[in-house]
Amino acid sequence: MSRPFVLTTPIYYVNGLPHIGHTYSTVVADTLARYHRLAGEDVYFQTGVDEHGEKVQAAADAAGETPQAYTDRISGQWQATWDALNLSHDRFFRTTEAESKAAVQVMAQRVWDAGQIEFREYEGLYCVGCERFLTDRDMEGGLCKDHEKAPEPRREANYFFKMSEHFSWLAETLEENPDFLQPTRYRNEVLAMIREGSGLEDLCISRPKERLSWGVPLPFDEDYVCYVWFDALVNYLTGCGWPNEPGWEERWRECTHLIGKDILKPHGIYWPTMLHAAGLPLPKGIRVHGHWQIEDRKVSKSLGNLIDPLVMKERYGFSPFRYFMLREMSFGLDSSFAEDAMIERTNAHLANALGNLFSRTLNMTARYSDATVPTPGPTGDEEARVRQAAADAATAVDKHLRAFETHLALEALFRLVDAANRYVDHREPWKAAKDPEREEEVRTTLYTCCQALRAIALLLAPFLPDAAVTMLERLGIPDALDTVVLPADGERWDALLPGTPTTKGDALFPRLELIEDA
Ligand code: ME8
């Protein structure tokens with residue numbers, strides 16, 4: 001049996017449509033899922049939508065629809081967007097599915113049976129944007145830091161999960177398993193939240209039905225529905241087959257949650273303590289990324305400064321946008337998005353560096369080798385250096401992607417592109433081709449470039465799958481991805497056989513120009 005690799009994105013609220021932030025999380029997960037599939041692992045990649053809660057109810061009211069009709073419509077649009085962007089998730093999870101609701105009730109009942117839930121009166125400041133009560137740390141000048149809105153004072157009798165009883169266990173667990181929550185700054189942040197208390201007390205896990213009916217009924221009190229976060233987090237377990245499917249534990253043990261830093265608290269604190277209270281094991285880990293900003297403000301539905309991935313695709317094709325997101329953001333840190341920066345980067349890296357290497361290699365192969373991979377003559381140090389660059393790139397891509405560092409993986413891959421370009425520049429096969437005595441040298445040069453392009457295409461496949469497929473087709477090995485095992489096959493230097501037909505064609509990445517908003 002091959003090794004399981006299980007990866008989840010957050011399930012997104014359906015009070016709006018996907019923007020750059022959601023697209024980034026899902027594209028990072030897609031890149032990793034594709035890489036691990038190419039590494040021969042047994043991948044399960046889940047994304048989806050979070051359909052209950054006040055925000056969604058309010059959005060349905062504003063649209064004049066029932067919550068169910070509203071969420072059916074919007075969830076369909078999320079699904080259609082990911083399909084249009086060719087994302088490779090194995091399951092699109094919806095919290096309104098019967099399976100999800102049943103699992104949430106099993107979880108609530110387990111925590112209740114364990115004596116971990118209590119009925120109490122509570123007063124606090126609630127942010128509907130965050131769908132939770134805020135603490136001082138979450139606010140600045142009386143406003144929610146994320147949503148820049150004043151939270152509402154609320155007083156209500158509700159059910160509380162005795163979360164604080166699990167804090168010392170959680171702190172110990174995080175200390176003893178430094179790899180569980182990464183990058184380290186976020187682990188430290190959670191430890192600081194626990195240590196300082198920072199208003200983190202017990203967790204209100206219910207909403208009275210008379211105020212909010214749109215949710216999963218609590219199994220032990222039908223006058224209440226489940227708090228949306230208690231409902232949403234369970235999706236990860238349900239997706240692994242919990243509670244009924246045999247073998248769910250194997251998947252769960254290998255499951256990593258990819259999230260944005262805005263939802264660190266629910267994932268770093270609510271979720272592990274809920275699992276602990278229910279007597280369930282923790283998943284493998286949590287990986288946290290930073291935020292995309294525009295003019296220093298977080299991109300968000302409530303602030304209205306959105307970048308629509310479908311508009312990007314229509315204007316420029318999806319590859320440049322996907323490349324920019326994966327290359328520009330250092331995993332864990334914030335980044336700024338600007339269309340002109342995206343165009344500048346992709347013109348330099350994709351159109352110039354990679355696109356040029358590809359088109360000049362295939363043009364010369366057509367011209368000097370009857371459009372087939374040539375038979376090489378003897379090779380020397382220069383060829384050995386390109387070959388070494390490919391081996392280094394394969395190793396580095398593997399290492400960095402396993403650490404979620406897509407930016408470093410792409411940097412390493414483009415070192416190979418640069419090495420190959422330097423090699424052709426130095427060898428000048430277009431000049432050598434004029435001299436019949438140097439015919440063998442031309443063959444060696446073009447052979448080396450073709451092998452390098454094969455390695456580049458294989459390693460590029462998780463990042464830019466469409467471009468990789470085009471490259472492999474034109475290199476005459478359209479099915480190469482079906483049998484490849486990375487990183488080892490990225491290092492092979494003899495897989496592209498002399499005589500394989502190659503095809504020159506349109507530019508792989510046309511140069512882009514900024515398209516202004518109409
Ligand atoms: O929080 N930059 O859903 P949500 C980067 N339903 N990533 C961003 C981003 C930005 N500016 N804005 C959003 C929820 N994201 C809950 C999750 S999970 C059990 C429940 C991404 O629609 C990032 O992954 O508000 C963030 O964590 C997520 O979208 C929040 O999506």
Side-chain angles (χ1 to χ4, degrees), residues 50 52-57 95 100-139 144 151-174 190-237 263-280 282:
D50 191 353
H52 292 125
E54 286 183 44
K55 281 216 262 213
V56 174
Q57 166 108 52
T95 54
S100 173
K101 293 190 222 176
V104 170
Q105 290 192 323
V106 173
M107 175 64 98
Q109 188 69 47
R110 266 182 93 124
V111 182
W112 174 257
D113 291 344
Q116 292 287 317
I117 294 177
E118 231 172 48
F119 194 64
R120 288 184 212 155
E121 184 115 314
Y122 184 78
E123 190 168 3
L125 293 171
Y126 194 82
C127 171
V128 177
C130 292
E131 288 280 22
R132 58 184 173 85
F133 285 98
L134 299 186
T135 63
D136 290 348
R137 205 188 161 90
D138 301 317
M139 290 187 284
C144 165
E152 304 165 17
R154 281 195 185 169
R155 188 188 175 83
E156 230 164 53
N158 264 310
Y159 286 92
F160 283 79
F161 161 43
K162 294 192 240 169
M163 189 164 76
S164 54
E165 288 187 4
H166 303 270
F167 286 169
S168 46
W169 163 81
L170 178 59
E172 233 167 76
T173 302
L174 291 174
V190 170
L191 284 168
M193 284 182 211
I194 300 172
R195 226 176 284 123
E196 292 161 17
S198 75
L200 266 178
E201 295 148 6
D202 290 339
L203 182 67
C204 177
I205 56 137
S206 66
R207 298 292 180 263
K209 259 194 195 156
E210 57 184 21
R211 182 161 68 74
L212 178 73
S213 57
W214 183 234
V216 180
L218 278 185
F220 45 84
D221 188 339
E222 60 183 30
D223 290 336
Y224 284 82
V225 297
C226 207
Y227 167 49
V228 66
W229 269 108
F230 197 95
D231 163 354
L233 288 161
V234 179
N235 93 85
Y236 300 133
L237 263 179
I263 53 177
L264 178 61
K265 191 189 283 180
H267 286 79
I269 295 187
Y270 302 175
W271 186 222
T273 54
M274 276 167 66
L275 289 165
H276 189 236
L280 293 166
L282 293 184

Peer 1: Just wondering, do T173 and H166 contact through their side chains at under 4.5 Å, heavy atoms?
Peer 2: no
Peer 1: Walk me through it: do H267 and Y236 pass the test side-chain contact (heavy atoms from CB on, under 4.5 Å)?
Peer 2: CA-CA 11 Å; H267 286 79; Y236 300 133; 2.7 Å; yes
Peer 1: Mind listing the closest non-hydrogen atom pair of V111 and A277 along with its distance?
Peer 2: CG1-CB, 4.2 Å
Peer 1: I need the D138 CG to L125 CG distance, nearest 0.5 Å.
Peer 2: 10.5 Å
Peer 1: Please step through ring-ring contact (aromatic ring centres under 6.0 Å, His included) for the pair F160 and F119, ending with a clear verdict.
Peer 2: CA-CA 6 Å; F160 283 79; F119 194 64; 8.8 Å; no
Peer 1: Output, in order, the C-alpha distance, side-chain angles, deciding distance and verdict of salt bridge (charged side-chain N to carboxylate O under 4.0 Å, His left out) for E54 and R132.
Peer 2: CA-CA 10 Å; E54 286 183 44; R132 58 184 173 85; over 6 Å; no
Peer 1: Over all heavy atoms of both residues, which pair between P219 and Q105 is shortest? Give the atoms and the distance, please.
Peer 2: CG-O, 3.5 Å
Peer 1: Determine the minimum heavy-atom distance between C144 and C127, stating which atoms define it.
Peer 2: SG-SG, 3.9 Å
Peer 1: Flag yes if more than 12 heavy atoms outside E121 fall under 6.0 Å of its CD atom; otherwise flag no.
Peer 2: yes
Peer 1: Can you tell me how far apart CD (E172) and CG (L191) are? Round to the nearest 0.5 Å.
Peer 2: 11.5 Å
Peer 1: Judged by atom type as modelled, is there a donor-acceptor pair below 3.5 Å linking the side chain of D221 to the main-chain atoms of L218?
Peer 2: no
Peer 1: Walk me through whether F230 and H52 qualify under ring-ring contact (aromatic ring centres under 6.0 Å, His included).
Peer 2: CA-CA 11 Å; F230 197 95; H52 292 125; over 10 Å; no
Peer 1: Any heavy-atom pair between the side chains of L275 and L237 that's under 4.5 Å?
Peer 2: yes
Peer 1: Looking at every heavy atom in both D231 and C226, which two are closest together, and how far apart are they?
Peer 2: N-SG, 4.2 Å
Peer 1: Without swapping roles, check the side chain of K162 against the backbone of G115 for a donor-acceptor pair under 3.5 Å.
Peer 2: yes
Peer 1: What's the shortest heavy-atom distance between T95 and K101, and which atoms?
Peer 2: O-CG, 3.8 Å
Peer 1: Taking the side chain from R110 and the backbone from A278, do they hold a donor-acceptor pair closer than 3.5 Å?
Peer 2: yes
Peer 1: Could you state the interatomic distance from CG (L203) to CD1 (I269), rounded to the nearest 0.5 Å?
Peer 2: 10.5 Å
Peer 1: For S164, is there any backbone N or O sitting under 3.5 Å from a side-chain donor or acceptor partner on D202?
Peer 2: yes
Peer 1: Go through the steps to decide whether R207 and Y224 satisfy the test side-chain contact (heavy atoms from CB on, under 4.5 Å), and finish with yes or no.
Peer 2: CA-CA 6 Å; R207 298 292 180 263; Y224 284 82; 5.8 Å; no
Peer 1: On the 0 to 90° scale, with breaks at 30° and 60°, tag the Y126-F133 ring pair as parallel, tilted or perpendicular.
Peer 2: perpendicular
Peer 1: Roughly how far, to the nearest 0.5 Å, is CZ of R195 from OG of S168?
Peer 2: 13.0 Å
Peer 1: Output, in order, the C-alpha distance, side-chain angles, deciding distance and verdict of side-chain contact (heavy atoms from CB on, under 4.5 Å) for Q116 and M274.
Peer 2: CA-CA 9 Å; Q116 292 287 317; M274 276 167 66; over 6 Å; no
Peer 1: Yes or no on side-chain contact (heavy atoms from CB on, under 4.5 Å) for E156 and E123, after CA distance, side-chain angles and deciding distance?
Peer 2: CA-CA 7 Å; E156 230 164 53; E123 190 168 3; over 6 Å; no
Peer 1: In Å, rounded to the nearest 0.5 Å, how long is the span from OG1 of T135 to CD of E196?
Peer 2: 10.0 Å
Peer 1: Run the ring-ring contact (aromatic ring centres under 6.0 Å, His included) check on W271 and H276 step by step: do they pass?
Peer 2: CA-CA 9 Å; W271 186 222; H276 189 236; over 10 Å; no
Peer 1: What pair of heavy atoms forms the shortest contact from A108 to I117, and how long is it?
Peer 2: O-CD1, 3.8 Å
Peer 1: Assess the pair Y270 and F161: is the distance between their ring centroids shorter than 6.0 Å?
Peer 2: no
Peer 1: With no hydrogens and no angle check, do the side chains of S206 and N158 hold a donor and an acceptor under 3.5 Å apart?
Peer 2: yes
Peer 1: Would you check if F220 and D113 make a side-chain contact, meaning some heavy-atom pair closer than 4.5 Å?
Peer 2: no
Peer 1: Assess whether a salt bridge exists between E131 and K55, defined as any Lys/Arg side-chain N lying under 4.0 Å from an Asp/Glu carboxylate O.
Peer 2: no
Peer 1: Do any N or O atoms from the side chain of S213 and from the backbone of K209 form a donor-acceptor pair under 3.5 angstrom?
Peer 2: no
